[in-house]
Amino acid sequence: PIMKEVSGLKHLEHKLKEILNIQEVIIVSGDSDQNELVKKEMGRACASRMKKSFTSNNIIAITGGSTLAAVAEMMTPDIEGRKLMFFPARGGLGEYVENQANTIVAKMAEKTMGQYKLLHVPDQVSEDAYASLVEEPAIKDALEMLKRATMVVHGIGDAMNMVKRRKHDQETTQKIIDGQAVGEAFGYYFDADGKIVHKVRTIGLQLEYLQNVPCIIAVAGGASKARAIQAVMKQEQGRKTILITDEGAARALIQDY
Ligand code: G3H
């Protein structure tokens with residue numbers, strides 16, 4: 001029965017890869033909405049897939065969220081001793097400390113005995129503050145580094161869930177609702193067609209940068225995130241994205257086809 005289950009998931013992976021039009025799909029069994037352990041398994045699958053794509057010198061941009069925190073927990077030192085530099089993909093996004101990219105990169109560096117840099121920018125800065133911050137030499141260096149990222153690993157959030165979590169102001173919340181956003185990734189909110197509805201004003205990786213990134217890994221699961229995953233993958237389709245998800249999300253996604 002175990003072999004059967006494995007081959008069933010292989011079939012699901014293949015189908016989902018075709019539907020989403022991305023490079024690779026890895027599915028762990030179970031549904032992380034129902035069982036916290038499944039999120040840990042996604043973390044393990046992601047940590048091991050990251051290793052496969054490491055080169056001799058890595059700049060790895062990481063987003064926030066509880067799924068990325070689970071990835072960090074599962075990371076281990078690279079036995080080949082390759083250089084790993086972890087970097088937050090974007091600055092403050094209004095998350096709790098344990099879910100912030102800054103916290104997660106520090107954890108990843110600790111677990112892998114790698115290096116990390118932080119992005120110290122406050123959440124939701126005004127336009128004026130933003131304009132002067134991007135001129136700061138330290139920030140400029142950070143952005144240059146992000147443009148040279150060899151790997152981006154990001155979570156995906158359900159749009160309305162992220163709105164609640166980040167406590168956006170009234171105006172932003174309305175914009176996200178009116179735009180019918182369903183998914184969120186690196187501070188960008190997307191509608192069902194993958195179109196940008198809103199972007200949180202913070203320093204860091206811009207969507208355009210993804211074009212030059214050789215390896216993009218998205219990690220998100222739970223049936224409740226199916227629509228969000230689909231929206232974000234629409235934005236990334238045709239790119240070399242690798243999606244790590246769970247059976248709950250995968251089955252819910254496939255139902256629509
Ligand atoms: O941007 C997406 C969210 O950070 C995902 O958060 O992994 O806690 O669901 P989560």
More than 12 heavy atoms of other groups within 6.0 Å of [X] [atom1]:
X	atom1	value
Lys199	NZ	yes
Glu208	CD	yes
Lys234	NZ	yes
Arg227	CZ	no
Lys240	NZ	no
Glu13	CD	yes

If we ignore angles and hydrogens, is there a donor and acceptor under 3.5 Å between the side chains of [X] and [Y]?
X	Y	value
Lys39	Ser66	yes
Ser53	Arg49	yes
Lys40	Ser32	no
Lys17	Gln23	no

(request) Spell out, yes or no, whether Ile139 and Tyr209 are grouped together once hydrophobic residues are joined by side-chain heavy atoms under 4.5 Å, including indirect joins. (result)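 Per the 4.5 Å side-chain linkage, Ile139 and Tyr209 are co-clustered.
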
Taking side chain as C-beta onward, heavy atoms only, is [X] less than 4.5 Å from [Y]?
X	Y	answer
Ile217	His154	no
Val153	Met50	yes
Lys147	Gln206	no
Leu84	Phe54	yes
Thr173	Lys164	no
Asp158	Val182	no
Tyr130	Thr202	no
Leu243	Glu24	no

(request) Give me the ring orientation class for Phe190 and Tyr188: parallel if the planes are under 30° apart, tilted from 30 to 60°, perpendicular past 60°. (result)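 Phe190 vs Tyr188 ring planes: parallel.
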
(message) Parallel, tilted or perpendicular, judged at 30° and 60°: which one describes the rings of His168 and His198?
(response)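 Judged by the thresholds at 30° and 60°, the geometry between His168 and His198 is perpendicular.
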
(message) Please report the interatomic distance CD(Gln115) to CZ(Phe87), rounded to the nearest 0.5 Å.
(response)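 Going from CD on Gln115 over to CZ on Phe87, the span is 12.0 Å.
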
